[in-house]
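Working notes for the structure below.
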Amino acid sequence: MQYPRRLPRFEYLEPKSLTEACKLLLQNDGKARVVAGGTDLIPKMKRRDVNPRALISLHGIPGLETISHSQVDGLRLGPLTTLGAVESSTIVTERFNVLYQAVQSMASSQVRGLGTVAGNLCNAAPSADTAPALMVLGTRLKLISPQRERTVAAESFFAGPSATVLEPGEILAEIQIPEVPRRSAGVYIKHTLRRAMDLAIVGVAVAITLQDDTCHNVRIALGAVAPTPIRVPGAEAILKGKGRSGDLFRRAAKEAATACQPIDDVRGSADYRREMVEVLTRRALEQAWDRCPGSTEGKR
Ligand SMILES: Cc1cc2nc3c(=O)[nH]c(=O)nc-3n(C[C@H](O)[C@H](O)[C@H](O)COP(=O)(O)OP(=O)(O)OC[C@H]3O[C@@H](n4cnc5c(N)ncnc54)[C@H](O)[C@@H]3O)c2cc1C
């Protein structure tokens, strides 16, 4: 099959509210798709990987591209908040820097200007760059449908490659990121063959919060090394309550490499990916620790 091809025929629907969008999704009985930036969906339609009979655009609904922040609610992103808007947000750069690092590693500025954070999650690629960063930030996702509203943790959102827990008629309505504790820092390391416009061979996100000189909390998440982006709680447990130690970082990194389930593909072999998880997890842990305000290394 040749590519690029023309788009197949589809109906374009422009609801005026999220509730109406959910109802249209239900009425179309699994044969309609929400479209945000279209940077994943439109190429898939051209390749005939998906063939929806209707696209439900969110662009006729006001107020969905918001980035709001308060100390009580933390950071909230709407379903049309673009990667580019997140990248240029001062509050994201200053307070939620691991998300900034993930976003600015993605695609090109043109694609980031169209693509959304919500679309990156709902597309559910194992290599989705925002997913590990949002997981280590303790993000919750608000899902709405005509019948109900619920929130799920970012790490519970993915059900497999290109699959999520979204039920028929459900839309990701808000990305809710809690306020980051004061003595915290996060790091996202994306390993790619090319410097730009490439998908991750391995993505590692780490967020650490210090108390005195010990690790009060740590979250570690991996991309592109399992059917979905994953947390590695076994590796986190090795570090919680402990002081800065190269030996503990090595043990946690080894545990992360053991816990992941990479595959061989055009970007790298499973063995190579596993090795890189170990190397990059250790590196991300060291960097995140040393970036925490007041860390011994950070003061040097
Ligand atoms: C050249 C290029 C480079 C890229 N590089 C990267 C990269 O480096 N890293 C990376 O992770 N991705 C990359 N991507 C993929 C893509 O740009 C991102 O995943 C982007 O964030 C998708 O957002 P979107 O708004 O365009 O999603 P869309 O294409 O509009 O939607 C994607 C999927 O999510 C569903 N969806 C969207 N919003 C919602 C919602 N609110 N509720 C329910 N379902 C929804 C759609 O129905 C569709 O199935 C790249 C794409 C291109 C074309």
Side-chain angles (χ1 to χ4, degrees), residues 3-4 7 10 12-13 15 18-19 21-22 24-26 28 30-47 49-59 61 64-66 77-87 99 101-134 141-145 149 152 157-159 161-175 188 190-203 205 223-224 228-229 267:
Y3 181 77
L7 276 170
F10 61 89
Y12 185 77
L13 305 171
L18 277 179
T19 313
C22 293
L24 286 170
L25 261 184
L26 262 186
N28 279 277
K31 298 200 173 64
R33 292 285 184 118
V34 168
V35 61
T39 62
D40 274 315
L41 187 56
I42 300 299
K44 278 186 179 174
M45 288 171 67
K46 287 189 173 179
R47 290 194 301 266
D49 291 346
V50 293
N51 198 357
R53 75 171 170 221
L55 290 191
I56 300 170
S57 168
L58 301 181
H59 289 272
I61 308 170
L64 298 190
E65 65 294 317
T66 46
L77 308 178
L80 287 184
T81 304
T82 62
L83 301 163
V86 167
E87 185 185 17
L99 179 60
Q101 294 168 50
V103 163
Q104 62 90 52
S105 79
M106 293 170 69
S108 60
S109 60
Q110 292 89 337
V111 174
R112 293 196 295 273
L114 280 174
T116 60
V117 181
N120 190 236
L121 295 175
C122 293
N123 185 58
S127 61
D129 286 300
T130 65
L134 290 170
L141 306 174
K142 182 166 115 182
L143 314 180
I144 61 159
S145 71
E149 182 180 312
V152 297
F157 182 65
F158 302 102
S162 303
T164 69
V165 299
L166 282 170
E167 289 175 358
E170 237 177 2
I171 285 181
L172 170 52
E174 192 173 62
I175 297 166
Y188 181 67
K190 174 175 178 174
H191 182 49
T192 52
L193 285 179
R194 296 187 309 204
R195 285 215 176 147
M197 292 285 282
D198 208 354
L199 299 183
I201 303 173
V202 171
T228 68
R267 291 196 171 75

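For ligands, and for the atoms within them, numbers begin at 1 and follow the listed sequence.
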Among all protein heavy atoms, pick the one closest to [atom] and tell me residue, atom and distance.
| atom | value |
| --- | --- |
| atom 47 (O) of ligand 1 | V34 O, 2.5 Å |
| atom 3 (C) of ligand 1 | A107 CB, 3.5 Å |
| atom 1 (C) of ligand 1 | M197 CE, 3.6 Å |
| atom 8 (O) of ligand 1 | K190 NZ, 3.0 Å |
| atom 49 (O) of ligand 1 | R33 NH1, 3.1 Å |
| atom 21 (O) of ligand 1 | T116 O, 2.7 Å |
| atom 6 (C) of ligand 1 | L199 CD2, 3.6 Å |
| atom 27 (O) of ligand 1 | G119 CA, 3.5 Å |

For ligand 1, which atoms, with element, lie under 4.0 Å from some heavy atom of [X]?
| X | result |
| --- | --- |
| G37 | 24 (P), 25 (O), 26 (O), 30 (O) |
| D40 | 15 (C), 16 (C), 18 (C), 19 (O), 20 (C), 22 (C), 26 (O), 29 (O), 32 (C) |
| G38 | 24 (P), 26 (O), 28 (P), 29 (O), 30 (O) |
| L166 | 43 (C) |
| L41 | 29 (O) |
| A36 | 25 (O), 30 (O), 38 (N) |
| D198 | 8 (O) |
| I171 | 41 (N), 42 (N) |

Quick one: does [X]'s side chain have a donor or acceptor within less than 3.5 Å of a partner on [Y]'s backbone?
| X | Y | answer |
| --- | --- | --- |
| T82 | L114 | no |
| T192 | R195 | no |
| N123 | G119 | no |
| H59 | A36 | yes |

Within less than 4.0 angstrom of ligand 1, does P43 place any heavy atom? no

Compute the minimum heavy-atom distance from R112 to ligand 1 and say whether it is under 4.0 Å. no

I want to check something: taking the side chain as every heavy atom from C-beta on, are [X] and [Y] in contact at a cut-off of under 4.5 Å?
| X | Y | result |
| --- | --- | --- |
| L172 | P79 | no |
| L55 | I42 | yes |
| L83 | V117 | yes |
| L141 | I175 | yes |
| F158 | L121 | yes |
| N120 | T39 | no |
| L99 | Y188 | no |
| L166 | C122 | yes |

Please indicate whether any nitrogen or oxygen in [X] is less than 3.5 Å from any nitrogen or oxygen in ligand 1.
| X | result |
| --- | --- |
| I42 | no |
| N120 | yes |
| T39 | yes |
| L172 | yes |

Between [X] and ligand 1, find which residue part has any heavy-atom pair under 4.0 Å and reply side chain, backbone, both or neither.
| X | answer |
| --- | --- |
| C122 | both |
| L83 | side chain |
| V111 | side chain |
| K44 | neither |
| T130 | neither |

Would you compute the distance between atom CG of L26 and atom OG of S145 and round it to the nearest 0.5 angstrom?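 Those atoms lie 7.0 Å apart.
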
Please determine whether a side-chain nitrogen of the Lys or Arg among D198 and R267 lies less than 4.0 Å from a carboxylate oxygen of the Asp or Glu. yes

In terms of heavy-atom contacts, S105 and D129 come closest through OG-CG, 4.0 Å

Of the non-hydrogen atoms in R112 and A107, which two are nearest, and what is the gap between them?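 That closest heavy-atom pairing would be NH1-O, 3.7 Å.
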
